[in-house]
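The basis for the numbers below is simple: all heavy atoms, side chains too, and nothing from hydrogens, waters or symmetry mates. Every chain is numbered from 1, with letters handed out A, B, ... down the list of sequences. Bear in mind the structure is a predicted one, so any value in this text is a computation, not a measurement.
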Amino acid sequence: MPELPEVETIRCGIEPFIKGRRVIQVSVRTPRLRWPVPADLASRLCGQTVQGVERRAKYLLLRTEVGTLLIHLGMSGFLRILQQPQPPGKHDHADIEFAGGICLRLNDVRRFGALLWLDGDPRHHSLLADLGPEPLSAELSGDYLYQRSKGRRLAVKPFIMDSRVVVGVGNIYASESLFRAGIDPARAAGRISLARYGCLATAIRQVLQEAIAAGGTTLRDFSDQHGRPGYFAQQLQVYGRAGEPCSGCGQAIVKIQLGQRSTYFCRQCQR
DNA sequence: CCCAAGACCTGGCGGC
DNA sequence: TGCCGCCAGGTCTTGG
């Protein structure tokens with residue numbers, strides 16, 4: 001589920017409920033997520049006040065005085081804010097309970113998500129240390145992508161999905177960005193001009209910004225913190241639309257595999 | 001260093 | 001109705 005727009009939507013949604021609040025209880029019902037949830041998480045977190053909820057790539061960072069709670073939602077995770085007690089349902093793996101009756105609940109069917117405690121400066125943690133620039137920052141430019149792509153024979157789609165190159169471009173928005181930029185997703189990254197990378201950088205920024213503005217894409221099981229579905233899916237131009245006419249030329253959108261991932265594009269409009 | 005493939009999980013769907 | 005194979009939003013890890 002969560003691509004960067006969904007994670008950002010969740011960040012914005014939960015921060016007003018938990019910023020400035022003190023953690024009073026932590027319940028981990030399923031410690032086996034992508035990595036084991038630290039056994040001492042509750043003792044680290046209880047009594048701490050959340051100073052802010054930040055996002056780096058698709059990681060959510062709940063900052064406290066003494067450390068940071070890192071949350072990743074994997075493929076199928078989501079967070080809800082409960083303002084009334086509610087019995088945990090299937091795949092509700094963990095609750096962070098705050099003073100004032102607020103509960104942050106993690107649900108993750110596939111358990112590819114993570115819940116980790118980071119001491120010290122989170123930027124130095126191995127999961128975060130080697131990440132590329134944020135796609136919405138000025139650091140992402142055509143010039144930057146062009147420089148990074150020199151000599152690379154990898155297809156451009158997996159290239160822009162590499163978090164060391166740029167973070168936050170997931171499988172849906174990689175296809176959408178390349179469609180908007182008119183670039184064939186299978187083209188070798190090192191064989192794209194500076195000018196075309198300029199188009200791609202702009203496309204990535206636009207696609208992600210529009211999705212954030214729309215509140216995130218819905219596919220299957222996404223709900224925001226209130227349980228309402230997002231509604232960006234209708235605006236997707238190519239993802240999930242194999243066989244449908246291209247909005248530009250009318251030719252059928254095709255689906256191929258690239259780096260083990262489904263990839264959608266228009267053979268006519270993308271070169 | 002670069003790249004491809006494998007690994008981790010559950011559940012929904014189509015086909016027989 | 002039941003079983004089987006395939007597919008799904010991520011990304012770290014391994015092996016060539």
Query raised in the report: Given atom OH of Tyr239(A) and atom C1' of dG9(C), what is their separation to the nearest angstrom?
Result: 6 Å

Requested in this report: Give the nucleotide from the list dT11(C), dA4(B), dT10(B) with an atom nearest to the side chain of Arg111(A).
Outcome: dT10(B)

Query raised in the report: Rounded to the Å, how far apart are Leu60(A) CG and dG10(C) P?
Result: 15 Å

**Report entry** Pair Arg55(A) + Glu134(A), salt bridge at N-O below 4.0 Å
**Finding:** yes

Query raised in the report: So, is His91(A) near the phosphate of dG11(B), with a side-chain N or O under 4.0 Å from OP1 or OP2?
Result: yes

Requested in this report: Identify whether the distance between the nearest side-chain nitrogen and carboxylate oxygen of Arg11(A) and Glu54(A) falls below 4.0 Å.
Outcome: no

Query raised in the report: Between Arg152(A) and dC3(B), is there a side-chain N or O to OP1/OP2 distance below 4.0 Å?
Result: yes

Query raised in the report: Considering Watson-Crick and G-U wobble pairs with both distances under 3.5 Å, what does dG15(B) pair with?
Result: dC3(C)

Query raised in the report: Paired with dG15(C): which nucleotide, if any, by Watson-Crick or G-U wobble criteria at under 3.5 Å for both distances?
Result: dC3(B)

Query raised in the report: Distance check: side-chain N/O of Lys58(A) vs OP1/OP2 of dG9(C), anything under 4.0 Å?
Result: no

Requested in this report: Determine the interatomic distance between P on dA5(B) and the same-named atom on dC7(C); round to the nearest Å.
Outcome: 15 Å

Query raised in the report: What is the distance from CG of Leu258(A) to C1' of dG10(C), rounded to the nearest Å?
Result: 17 Å

Query raised in the report: Can you find a donor-acceptor N/O pair under 3.5 angstrom joining the side chain of Arg34(A) to the base of dT11(C)?
Result: yes

Query raised in the report: Quick one: which of dG9(C), dC12(C), dC8(B) gets closest to the side chain of Ser163(A)?
Result: dC12(C)

Query - Asp184(A)/Arg267(A) salt bridge by N-O under 4.0 Å criterion - result: no

Query raised in the report: Are the side chains of Ile14(A) and Val53(A) in touch, meaning some heavy atoms are under 4.5 Å apart?
Result: yes

Query - C1' spacing across the pair dG9(C) / dC3(B), given as an integer number of angstrom - result: 23 Å

Requested in this report: Give a yes or no on whether a salt bridge exists between Asp95(A) and Arg105(A), defined as a side-chain N under 4.0 angstrom from a carboxylate O.
Outcome: yes

Query raised in the report: In whole Å, what is the span from the CH2 atom of Trp35(A) to the C1' atom of dC9(B)?
Result: 14 Å

Query raised in the report: dC6(C) and dG6(B): how far apart are their P atoms, nearest whole angstrom?
Result: 14 Å

